[in-house]
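We number each residue from 1, following the sequence as shown. Keep in mind that the numbers below use all heavy atoms, side chains included, and drop hydrogens, waters and symmetry copies.
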Amino acid sequence: MFIDSHCHLNYKGLVEQQADVIARARGAGVDAMLNISTRQSEWDAVVAVAEREPDVWASIGIHPHEADGHADVDTHKLLERAEHPRVVAIGETGLDYYYDHSDRDQQQTSFRAHIAASRQTGLPLIVHTRSAEEDTATILTEEMTAGVFSGVIHCFTATDAFAEIALNLGFYISISGIVTFKNAKALQSTAARVPSERLLIETDSPFLAPVPHRGKPCEPAFVADTARFLANIRGIDVEDLAHVTSTNFRTLFSKASVPRSSRAI
């Protein structure tokens, strides 16, 4: 069974057919999905899906794109919502200097507030970073010195040097469908070398549909295609990769008691 460690079931493209999307995921052998929030207005709906679906879990967070509009979302507000039994992670949070939709200082303030919530709750941090490797690495390193926390670099597209920093800090690295793209040679090289005990897979759906689904809205069922590609470049059976990444998910997101079933891939 596969686990999609990062999807947006409440985003346009999936929410309109959410029940069918979840059913197709189950049919493709997806055993669990982590439904990610990116703004406060999503929190109730994201948690509601997790309450309704036994194989869906939720995160609470503010995406760096949304930092300017959520200056009032501090560590205390994150802690309050993280108490819910279906909330298993803090984020997604981080830094995005590629689009700069929010002021960089405010992104950093929000990022540190999320880190504090992760540290205090013991829930893993889901980190988004784009064109901001240096500042992301600096903040993670500084904050780790102040107190240990766990987490994952989601939808990894960064350099080998950043991967090494993240791994040395104890973070996991999650690989999305980008790894299947023809122009992703550098990412493929990194993905082939990530230690097996720190590897996760995701869709980031409805974005970044892997080959052979390019041009379609991505959905959690497609994590199986990414898994097969990743297993091939790592030289292992897809069943082994599914087992390793599912075990890693349960280790990192320990609050999630992932249901098992007799569904076949």
message = Has R198 got a side-chain atom pairing as donor or acceptor with I173's backbone, closer than 3.5 angstrom?
response = no

message = Can you confirm whether the side chains of D96 and H101 place a donor and an acceptor under 3.5 Å from each other?
response = no

message = Hydrophobic clusters here meaning ILVMFWY residues chained together by side-chain heavy-atom distances under 4.5 Å, can you tell me if I233 and F2 are in one?
response = yes

inquiry  = Quick check: do F111 and L140 have side-chain heavy atoms less than 4.5 Å from each other?
reply    = yes

query = For atom CD of E142, is the number of surrounding heavy atoms from other residues, nucleotides or ligands below 6.0 Å larger than 12?
reply = yes

key: Selection residues 173-189 - residue pairs positive for side-chain hydrogen bond (donor to acceptor under 3.5 Å, both in side chains), sequence neighbours left out   = S5-S174, S174-E202, S189-R193

query = Would Y11 and F207 count as a close aromatic pair, with their ring centres under 6.0 Å?
reply = yes

Beyond-backbone contact of V56 with L9, side-chain heavy atoms, under 4.5 angstrom = yes

query = Rounded to the nearest 0.5 Å, what separation is found between the CZ atom of F156 and the CZ atom of F171?
reply = 12.5 Å

message = Is there a side-chain contact between W57 and I3 in this structure, where contact means two heavy atoms from C-beta onward sitting under 4.5 Å apart?
response = no

SB check D74 K77 (cutoff 4.0 Å) = no

query = I60 pairs by side-chain contact (heavy atoms from CB on, under 4.5 Å) with which of V87, V88, V73, I36?
reply = V87

ask   = Is there a path from I153 to I178 through hydrophobic residues (I, L, V, M, F, W, Y) whose side chains come within less than 4.5 Å of each other?
value = yes

key: Side chains of E143 and R119 in contact at under 4.5 Å (non-hydrogen atoms)   = yes

query = Any side-chain heavy-atom pair from L95 and I139 closer than 4.5 angstrom?
reply = yes

inquiry  = For the SG atom of C155 and the CG atom of L187, what is their distance to the nearest 0.5 Å?
reply    = 8.5 Å

key: Intermediate values then yes/no, side chain to side chain donor-acceptor pair (under 3.5 Å), Q17 and R24   = CA-CA 11 Å; Q17 51 174 333; R24 285 194 292 270; 2.9 Å; yes

ILVMFWY cluster, F222 and L199 together (side-chain gap under 4.5 Å) = no

ask   = Donor-acceptor pair, Q120 side chain versus A117 backbone, under 3.5 Å?
value = no

Side-chain ion pair, R39 and E42, N-O less than 4.0 Å = yes

ask   = Are the side chains of T129 and F162 in touch, meaning some heavy atoms are under 4.5 Å apart?
value = yes

message = For R104 and D68: C-alpha separation, side-chain torsions, deciding distance, then whether salt bridge (charged side-chain N to carboxylate O under 4.0 Å, His left out) applies.
response = CA-CA 9 Å; R104 293 184 179 185; D68 280 352; over 6 Å; no

inquiry  = Would you call the rings of H154 and H6 parallel, tilted or perpendicular, taking 30° and 60° as the class edges?
reply    = parallel

inquiry  = Taking the basic N atoms (NZ, or NE/NH1/NH2) and the acidic carboxylate oxygens, is any pair closer than 4.0 Å for R250 and D31?
reply    = yes

message = Taking Q106's backbone N and O only, do any of them form a donor-acceptor pair with S110's side chain (distance below 3.5 Å, no angle check)?
response = no

remark   = When rounded to the nearest 0.5 Å, the distance separating CG of N35 from OG of S59 is 7.5 Å

ask   = Which atoms form the tightest heavy-atom contact between T190 and A163, and what is the distance?
value = CG2-CB, 4.2 Å

key: Approximate separation, where rounding is to 0.5 Å, of L123 CG and S254 OG   = 7.5 Å

inquiry  = So does D105 get a backbone contact from the side chain of D103, meaning a donor-acceptor N/O pair under 3.5 Å?
reply    = yes

pair T93-I115: side-chain heavy atoms closer than 4.5 Å = no

Side-chain donor-acceptor contact under 3.5 Å, E66 with T38 = no

key: Polar side-chain atom of H114 near backbone of I62 as donor-acceptor pair, under 3.5 Å   = yes

query = Near E51 CD, under 6.0 Å, is it more than 12 heavy atoms from other residues, nucleotides or ligands?
reply = yes

task = Please answer whether the main-chain N or O of H65 pairs with a side-chain N or O of H63 as donor and acceptor at a distance below 3.5 Å.
result = yes

message = If hydrophobic clusters are built from ILVMFWY residues whose side chains come within less than 4.5 Å, do I90 and L79 share one?
response = no

query = Roughly how far apart are D240 CG and R234 CZ, rounded to 0.5 Å?
reply = 11.0 Å

request  = Determine, stepwise, if the pair E53 / R26 fulfils salt bridge (charged side-chain N to carboxylate O under 4.0 Å, His left out).
outcome  = CA-CA 11 Å; E53 305 291 345; R26 292 167 178 160; 2.7 Å; yes

message = Under the ring pair (Phe, Tyr, Trp, His ring centres under 6.0 Å) definition, can you give me all pairs with a residue in residues 75-97, not counting sequence neighbours?
response = none

ask   = Looking only at side chains, do D204 and H8 share a donor and an acceptor under 3.5 Å apart?
value = yes

ask   = Is any side-chain heavy atom of L230 closer than 4.5 Å to a side-chain heavy atom of V223?
value = no

key: Same apolar cluster (I L V M F W Y, side chains within < 4.5 Å links), L200/I126   = yes

inquiry  = To the nearest 0.5 Å, what is the distance between OG1 on T203 and CE on M33?
reply    = 9.5 Å

